[in-house]
Asks: 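Once you've had a glance at the structure underneath, I'll fire off some questions.
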Amino acid sequence: MCAECDTKIPGKASDAFGIPTYDAHTIEEKWQKVWSEENVFATSAVSDKPKKYVLEMFPYPSGDLHMGHARNYTIGDAMARQARMRGFDVLHPMGFDAFGLPAENAAIKHNTQASAWTYKNMDQAIATMRRMGFSYDPNTLIKTCDPEYYKWGQWMFLKMWEKGLAYRATSPVNWCPSCNTVLANEQVVDGKCWRCGSIPQKRELSQWYLRITDYAQELLDGLDNLEGWPESVKQMQRNWIGRSEGAEIKFALAADDGVTPTDRLITVFTTRADTIFGVSFFVLPPESPLAAELVAGTEYEAAYLELKAATERVSSVDRQGSEREKNGVFSGRYVINPLTHKPAPIWIADYILMDYGTGAVMGVPCGDQRDFDFARKYGLPIPPIICEQDDPLYEELKDQKDMVIDNVSWDHAMAAEGYLVQSGEFTGLKGGKHSEAVAAIIEKLEELGIGKETVQFRLRDWLISRQRYWGNPIPMTHCDCCGDVPVPYEELPVQLPASLDLGKGETLAAYAPFYETTCPKCGKPAHRITDTMDTFTCSSWYYLRYCDPHNSELPFAKDKANHWMPVDNYIGGIEHAILHLLYSRFWTRVCRDLGLLNFDEPFTNLLCQGMVKDENGDVMSKSKGNVVPPSSVIEPYGADTMRLAILFIAPPEKDFDWDPKAVAGCNRFLKRAWRTVCTLAQTAKDEPFEIQNASKDSKALWREINRCIQKCTFDFDRMQFNTAIAAIMELANAADDYIAAVPAAERDEALSFICASSLVRALAPICPHWAEELWHEQLGQTTFVYCAPWPDYDEEAAKADEVEIAVQVTGKVRTHIMMPREAAKDELEAAALAAASRWIEGKQVIKVICVPGSLVNIVAK
RNA sequence: GGGAGCGUGGCGGAAUUGGCAGACGCAGUUGACUUAAAAUCAACCGCCCGAAAGGCUUGUGGGUUCGAGUCCCACCGCUCCUACCA
């Protein structure tokens, strides 16, 4: 910059001391061009070095990248670059999750093609990635909407079909009326569509599923071994899989007299078999076909139909929540309790779900709050069958022969812990989930052949059909005589037609050139399946394709996947804790069982980065108008300041509030450290440092260098970039102290070089352009700093010869003494006692604790 | 209702895992340079009392220990996830 008029002076500006100005834009453009031309980010050749696969979750190209992407990719890029410097073979790829509904909506709005919109956005995102200096191998750039990629998704679908892992079924599904498609269970978030927030409707449709429930137990067990995953994510997956241990129990339907058991059995699932003596009613959901059958043609039918209609009118979001009042009607029929042989009335109620367990529940108001609420509302009995041992009720009821059927003083169900009463031979046993009472009663039921121990999962099969255009077509045909017939492998991929006019409302289902086909089996005219696959199928295996991105024979070669996988560091947002991360764990296991690879888990270490919020701690959003685009930092300060700020302001897993002042502070540091390196470079010589003859100042700086690199190396390993940067700042401060204290002519040339080169290399993964420029122009290096070795450190050299020892008297720091680092315990003790004489005078020293190199605690009374 | 996590200066956050709390940075105060401002540089910067010596301090209360931000128990507060899942 010109000091007078603030315009930029072309060429290399420098100050009175011959130090060039730090001009971020010029050097960033310069090195981005060189890196690209020299193809320096190509994946390292497979060698005998250890491998490291660093992966950031690929973006959906909905526009340009935002701060969340910038943070995600900066973390990964720093990891990948440092791993390369540490001597790993590194795979660091990037691509795009390019199928999806926003492209269709944009195409309609702007009267263009979904593909055109998608490719344009991808180009823009690629340009921003380049401007950020990210080190992606361009050879791995996968776009999931390319036929070379989605062909293999279809291929794997067919393999799953052959193994029975893909199937078609008709069942009630979540239909989003705004997106005009069905949604997977995982995609109904808070009772709303995950994408648009509309409330899905239940529809009975024939849809395609992947059998993820076959892997429920394995997916659950696998979590225990994922030590590199955040506990919160593992817990979310555990909850989602939702394993419940319990029992299935058969209740006989009573004949019309209400007391005589018939042969017709109705099965319930319960986790609380111990409470079976407290069953005072029985409940079916309104959607239950059995419920409809029981009331058909009876006086109860009208009330039932009304309840059913009312339930259907209530949206699923309103039906959820325990606050909602429970509604039910009596069916007129009874079941017989298999242990008490007493009848219980069958009710039909809206708080029971058709698709969990067996779709029938035994009502135990004493042990379950929901059943309790329902019983109170409809005046059903609440027989006490469980209570605390110190409750007077316990003594009263434990030997009771005739059933006491209610205790009107109760206002809520009993807590889980308690002991059984009024429960026949089981009275006195401890009840609760997994209790001895549960075990005893299940044993009894099994003996009688009317029940068995069983495990229930909450996880449902993965519904992958989408009635949308911009996705991967399901490679199946339907023939009137042969049924569902797979498209032969040699005809893959089933190509998406490019010319669909979405603006005119054309859909795949109504587009004859797409759906008209012939049956691969019998050759007669047939109908192509027009559903496309959920985009989460595309993102469930992209990390495998990166290992072998151009394979035309297979999705990926087994040896390449086995070499690079699993991903060593996977970085992305917590919003994928269930959806993407669970699907990918499933898909990897399917690939394993198809013989495509040899491991179970795709991601060894997972880092969920926190959100980037605005200055007030609010989430950035277009509607709030508080979005800070990456360009607003890159333009004034450059990409290196942006990268430094993102990593320095907060640890990666925490949310961070955008603070423009702190960003300016990071830019200030880069400028200051630039001057520090340039100043050191003026007296630098690349030769070994001789510590023996070094001055006191030199020795101190040498120690700081080693301390900094040790700390930095440790912090990179645990991905705590904020403290790594703090250590680099400390070294820069120490170097400034050295420069201030020692005149240029007296500076140690070897040390000057080592210090400058350590600063440059330690910061290189974080601020690569800054480092590359100084590495070449100030330190005269000819290789790329990207390929330079990570600086070494000497643990011994990082320690001071003389250390300050804290002297405590009974746990309180009173004074400090300087001691040689290797001082023996008795020396330390003697020195400390002398130094602390003031505080221990007249007291008796009971004992002295010496922690070498740190402190002495004198316990005195 | 169930689960997970967190609580440290004015702010973001450190603390080598039981050993000197507050690293590093932001903000702030004072000074230098400047006609002035910005930028830059230097010093200060948890709270209280004080002339000094000192005392207090990691949400609150208790415990273990020579020693606790860190471990244990109880409570208070916040955040996220999940939910008529039987």
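By convention in this document, chain letters (A, B, ...) are assigned in the order of the sequence lines, proteins followed by strands, and residues within each chain are numbered from 1. Note that the coordinates shown come from a computational prediction; the quantities given were computed from them, not determined experimentally. No hydrogens, no waters, no symmetry mates; every other heavy atom, side chains included, goes into these values.
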Asks: Going by ring-ring contact (aromatic ring centres under 6.0 Å, His included), name the residues that satisfy it together with A/Trp658, two or more places apart in sequence or in a different chain.
Replies: A/Phe656
Asks: Strictly by Watson-Crick or wobble contacts shorter than 3.5 Å, is anything paired with B/A83, and which nucleotide is it?
Replies: none
Asks: By side-chain hydrogen bond (donor to acceptor under 3.5 Å, both in side chains), which residues pair with A/Asp224, not counting sequence neighbours?
Replies: A/Arg238
Asks: B/A4 phosphate, OP1 or OP2: any side-chain N/O from A/Arg238 under 4.0 angstrom?
Replies: no
Asks: For the base of B/C84, is there a side-chain donor-acceptor partner from A/Lys326 under 3.5 Å away?
Replies: yes
Asks: Of A/Ile805 and A/Thr723, whose closest RNA chain B nucleotide lies nearer the 5' terminus?
Replies: A/Thr723
Asks: Which part of the nucleic acid does A/Asp368 contact within heavy-atom distance under 4.0 Å: base, sugar-phosphate only, or nothing?
Replies: nothing
Asks: Would you indicate, yes or no, if B/G25 has its OP1 or OP2 atom less than 4.0 angstrom from a side-chain nitrogen or oxygen of A/Arg668?
Replies: no
Asks: Hey, does the side chain of A/Lys799 reach the backbone of A/Arg821 with a donor-acceptor pair shorter than 3.5 angstrom?
Replies: no
Asks: OP1 or OP2 of B/C85 sitting under 4.0 Å from any side-chain N/O of A/Arg370?
Replies: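 Checking A/Arg370 against B/C85: at least one side-chain N or O falls below 4.0 Å of OP1 or OP2.
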Asks: Using heavy-atom distances to pick each residue's nearest nucleotide on RNA chain B, tell me which of A/Ala664 and A/Lys812 is more 5'.
Replies: A/Ala664
Asks: Under a 3.5 Å limit for both distances, which nucleotide forms a Watson-Crick or G-U wobble pair with B/U16, could you say?
Replies: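 Pairing partner, where one exists within any strand: none, as none qualifies.
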Asks: Could you check whether A/Asn733 gets within reach of a base, just the sugar-phosphate, or nothing at all, counting any heavy atom under 4.0 Å?
Replies: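 Sugar-phosphate: the residue A/Asn733, judged by heavy atoms under 4.0 Å, touches backbone atoms but no base.
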